[in-house]
Trainee: 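Sharing a structure, written as C-alpha cells. Questions coming.
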Amino acid sequence: MPEGPSIVIIKEKMQQLKLEGKKVLAVAGNTTIDKEKLVGQKLVAFKSWGKHLLISFKDRTLRIHFLMFGTYLINETKKTPLRLSLHFKDTDLNFYTCAPALIEGDPDEHYDWAADILSPEWDEKAALKKLKALPDTLVCDVLLDQEIFSGVGNIIKNEVLYRIKVHPACTIGSLPPAKLKALVKEASAYSYDFLKWKKAGTLKKNWLVYNKKMCGRCDLPIHKKTMGKTKRGTFFCSNCQKQY
DNA sequence: AAGGATGTTGCCTG
DNA sequence: TCAGGCAACATCCT
C-alpha cells in the first residue's frame with residue numbers, strides 16, 4: 001500500500017464514490033480513536049498528504065496511515081479484525097491494519113501541502129531550503145524525511161538516487177548545487193512516474209535499481225546495504241552513482 | 001518455504 | 001535523560 005502514489009490511487013478511487021455531502025450513519029472497529037465523533041458528520045472531501053489518506057469533515061479530519069500492511073475494502077469485508085469502518089447510506093469503507101487518527105479543526109493548520117511531492121502545491125524551493133539546513137544528513141535519509149519529501153518511501157528513494165546518479169551515502173552538504181536541484185526535481189517527477197506505472201500495473205517492470213541484481217547502464221552488480229539512520233535497504237550501483 | 005519488505009510508533013533498555 | 005533497538009501490525013513476494 002504505502003508510498004505516496006499508492007495513497008493518491010486510493011484517494012481517487014474513493015472520490016469516485018460520490019460520498020461528499022453524505023453523513024456517516026455508523027462506525028465500527030477496534031481502533032482506539034474516539035470514532036463516535038464521526039457519527040452524523042457530513043463528509044466534505046477525500047484528500048491526501050504524502051502517505052496519509054485524509055477524509056475531511058466539517059470540524060475534523062480522519063487520517064488513515066496504512067503503514068506497511070494496511071488495506072481497505074469498499075462494500076466488502078474480510079476475516080482480519082476490522083480497524084475502522086465508516087458506514088454511509090449505500091457505502092461502507094472498511095479499513096484494516098492501519099493507523100487511524102482524528103485531527104480536530106482545519107487540516108490546513110496541520111499539513112504543509114508544499115512538502116507533498118504529489119501535491120499541486122509541491123514547492124521545490126521550499127524543499128531546497130529545508131535541505132540546506134541539513135548539510136550533515138545522508139541523502140538516503142533525507143529522502144525519507146516526511147517533513148521535506150512527504151510521500152517518498154524506500155522504493156522512490158532508491159530510484160531517485162539511481163536516476164540522478166548520486167551515491168546514497170553522500171551528505172547533503174557535499175552535493176553540487178545542480179545535484180541538489182536534481183534531487184528535489186526527481187523526488188516529485190519519479191513519484192508521478194510511479195503513480196502512472198502503478199495504475200498501469202507496470203511498476204515493478206520499470207524498477208531500475210530497487211530489487212535489481214544488475215545495473216542496466218553498465219552491467220555491473222547492484223549492491224544492497226542497510227544504510228543511514230533510517231536503516232533501510234538501499235540499492236545502488238557503485239559505478240554509476242557518484243560519491244561526492 | 002522461510003524470511004524479508006513499500007512504514008511508523010511506542011515501549012524497553014542501557 | 002535520551003538515543004538506539006526492536007517488536008508490533010498482517011500480507012505478499014521471492
Side-chain angles (χ1 to χ4, degrees), chain A residues 1-13 29-33 35 48-54 62-74 76-85 94-103 110-112 115-118 134 136-138 140-163 168 186-214 221-236:
Chain A
M1 281 288 113
E3 305 197 24
S6 304
I7 306 303
V8 168
I9 291 170
I10 300 172
K11 172 183 71 176
E12 290 177 353
K13 199 165 280 177
N30 63 12
T31 178
T32 55
I33 67 165
K35 58 186 187 287
S48 61
W49 181 82
K51 300 167 191 168
H52 297 194
L53 173 68
L54 303 174
L62 173 63
R63 183 214 77 185
I64 306 279
H65 199 303
F66 290 87
L67 293 97
M68 200 82 102
F69 310 116
T71 54
Y72 73 100
L73 289 170
I74 298 169
E76 278 184 275
T77 58
K78 59 176 188 170
K79 286 204 183 102
T80 51
L82 179 65
R83 178 62 40 82
L84 176 64
S85 73
N94 298 322
F95 298 98
Y96 303 86
T97 344
C98 58
L102 270 183
I103 299 159
H110 297 262
Y111 287 106
D112 174 12
D116 180 353
I117 39 110
L118 289 173
L134 300 171
D136 300 326
T137 307
L138 298 187
C140 63
D141 283 334
V142 93
L143 271 168
L144 295 174
D145 185 333
Q146 301 299 295
E147 298 300 316
I148 305 175
F149 297 109
S150 169
V152 170
N154 205 37
I155 297 173
I156 297 174
K157 174 195 87 178
N158 282 295
E159 294 293 325
V160 165
L161 291 174
Y162 182 81
R163 269 193 178 184
E186 281 304 328
S188 178
Y190 179 78
S191 297
Y192 279 103
D193 283 340
F194 183 124
L195 177 61
K196 175 182 73 187
W197 290 327
K198 178 110 185 164
K199 284 178 174 173
T202 58
L203 180 64
K204 283 178 196 183
K205 203 173 76 181
N206 283 286
W207 285 341
L208 299 179
V209 70
Y210 183 80
N211 273 353
K212 301 297 280 189
K213 294 276 179 283
M214 300 297 283
I222 294 292
H223 301 277
K224 186 193 179 192
K225 270 171 78 179
T226 300
M227 285 178 52
K229 273 191 190 166
T230 46
K231 297 211 162 49
R232 304 296 299 276
T234 304
F235 298 83
F236 59 95

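For the numbers below, each heavy atom of this structure counts, side chains included, while hydrogens, waters and symmetry mates do not. Here is how names work: the chains are called A, B, and so on, in the same order as the sequence lines, proteins then strands, and each is numbered from 1.
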Trainee: Just to confirm, is there a sub-4.0 Å distance from OP1 or OP2 of B:dT6 to any side-chain nitrogen or oxygen of A:Lys51?
Mentor: no
Trainee: Between B:dA5 atom C1' and A:Asn158 atom CG, what is the distance in whole Å?
Mentor: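 Spelled out: CG on A:Asn158 to C1' on B:dA5 is 12 Å.
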Trainee: Hydrogens and angles aside, do A:Lys157 and A:Thr234 bring a side-chain donor and acceptor to less than 3.5 Å of each other?
Mentor: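 Distance-only check passes for A:Lys157 and A:Thr234.
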Trainee: By the 4.0 Å heavy-atom rule, please label A:Gln146 as base, sugar-phosphate, or nothing.
Mentor: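 Sugar-phosphate, no base atom in range.
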Trainee: Could you give me the CA-CA distance, side-chain angles and deciding distance for A:Asp193 and A:Arg163, then say whether salt bridge (charged side-chain N to carboxylate O under 4.0 Å, His left out) is met?
Mentor: CA-CA 12 Å; A:Asp193 283 340; A:Arg163 269 193 178 184; 2.6 Å; yes
Trainee: Output, in order, the C-alpha distance, side-chain angles, deciding distance and verdict of side-chain hydrogen bond (donor to acceptor under 3.5 Å, both in side chains) for A:Asp141 and A:Thr230.
Mentor: CA-CA 6 Å; A:Asp141 283 334; A:Thr230 46; 2.4 Å; yes
Trainee: I'd like to know if the side chain of A:Ser150 pairs up with that of A:Asp116 as donor and acceptor (distance under 3.5 Å, no hydrogens or angles considered).
Mentor: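 Result is no, nothing qualifies.
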Trainee: Which whole-number value in Å describes the distance from A:Leu143 CG to B:dT6 P?
Mentor: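 Going from A:Leu143 (CG) to B:dT6 (P), I get 14 Å.
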Trainee: A:Phe66 CZ to B:dA5 C1': how many Å, rounded?
Mentor: 18 Å
Trainee: Please measure how far the P atom in B:dG4 lies from the corresponding atom in C:dC6, and state the result in whole Å.
Mentor: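 So the two P atoms sit 13 Å from each other.
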Trainee: Taking the side chain as C-beta and beyond, is there a heavy-atom pair between A:Leu62 and A:Leu54 under 4.5 Å?
Mentor: no
Trainee: Locate the shortest heavy-atom distance separating A:Pro81 from A:Tyr96; write the atom from each residue and the value.
Mentor: O-CD2, 3.5 Å
Trainee: Just N and O in the side chain of A:Lys224: are any of them under 4.0 Å from OP1 or OP2 of B:dA5?
Mentor: yes
Trainee: Take the protein atom CZ of A:Phe235 and the nucleotide atom C1' of B:dT6, then report the distance between them rounded to whole Å.
Mentor: 11 Å
Trainee: I need a per-nucleotide contact map over nucleotides 5-14 of chain C, read 5' to 3'. Cutoff is protein heavy atoms under 4.0 Å; write B for the base, S for backbone only, - otherwise.
Mentor: S---BBB-S-
Trainee: Looking only at side-chain N and O atoms, does A:Arg232 come under 4.0 Å of OP1 or OP2 in B:dA5?
Mentor: no
Trainee: Give the rounded distance in Å between these two atoms: CD1 of A:Ile9 and P of B:dT6.
Mentor: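 Computing the A:Ile9:CD1 to B:dT6:P distance gives 18 Å.
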Trainee: Would you mind reading off the distance between A:Ile155 atom CD1 and B:dA5 atom P, rounded to a whole angstrom?
Mentor: 12 Å
Trainee: Write down the distance between CZ (A:Arg63) and C1' (B:dT8), rounded to a whole number of angstrom.
Mentor: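 Answer to the nearest Å: 9 Å.
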Trainee: If we take the P atom in both B:dG3 and C:dA7, what is their distance in whole Å?
Mentor: 14 Å
Trainee: Do A:Ile155 and A:Trp207 come close enough that some side-chain heavy atom pair is under 4.5 Å?
Mentor: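 Touching, per the 4.5 Å side-chain cut-off.
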Trainee: Using a 3.5 Å limit for the pairing distances, which stems of at least 3 consecutive Watson-Crick or G-U wobble pairs does DNA chain B take part in?
Mentor: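 Expected stems, ordered by start: B:2-5 with C:11-14, B:7-14 with C:2-9.
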Trainee: Taking the C1' atom in each of B:dT6 and C:dG5, what is the distance between them to the nearest angstrom?
Mentor: 22 Å
Trainee: Run the side-chain hydrogen bond (donor to acceptor under 3.5 Å, both in side chains) test on A:Thr71 and A:Lys78 for me, step by step, so that the C-alpha distance in whole Å, both residues' side-chain angles and the decisive distance to 0.1 Å come before the verdict.
Mentor: CA-CA 10 Å; A:Thr71 54; A:Lys78 59 176 188 170; 3.0 Å; yes
Trainee: Between A:Ser48 and A:Lys11, is any side-chain donor less than 3.5 angstrom from a side-chain acceptor?
Mentor: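 Distance-only check passes for A:Ser48 and A:Lys11.
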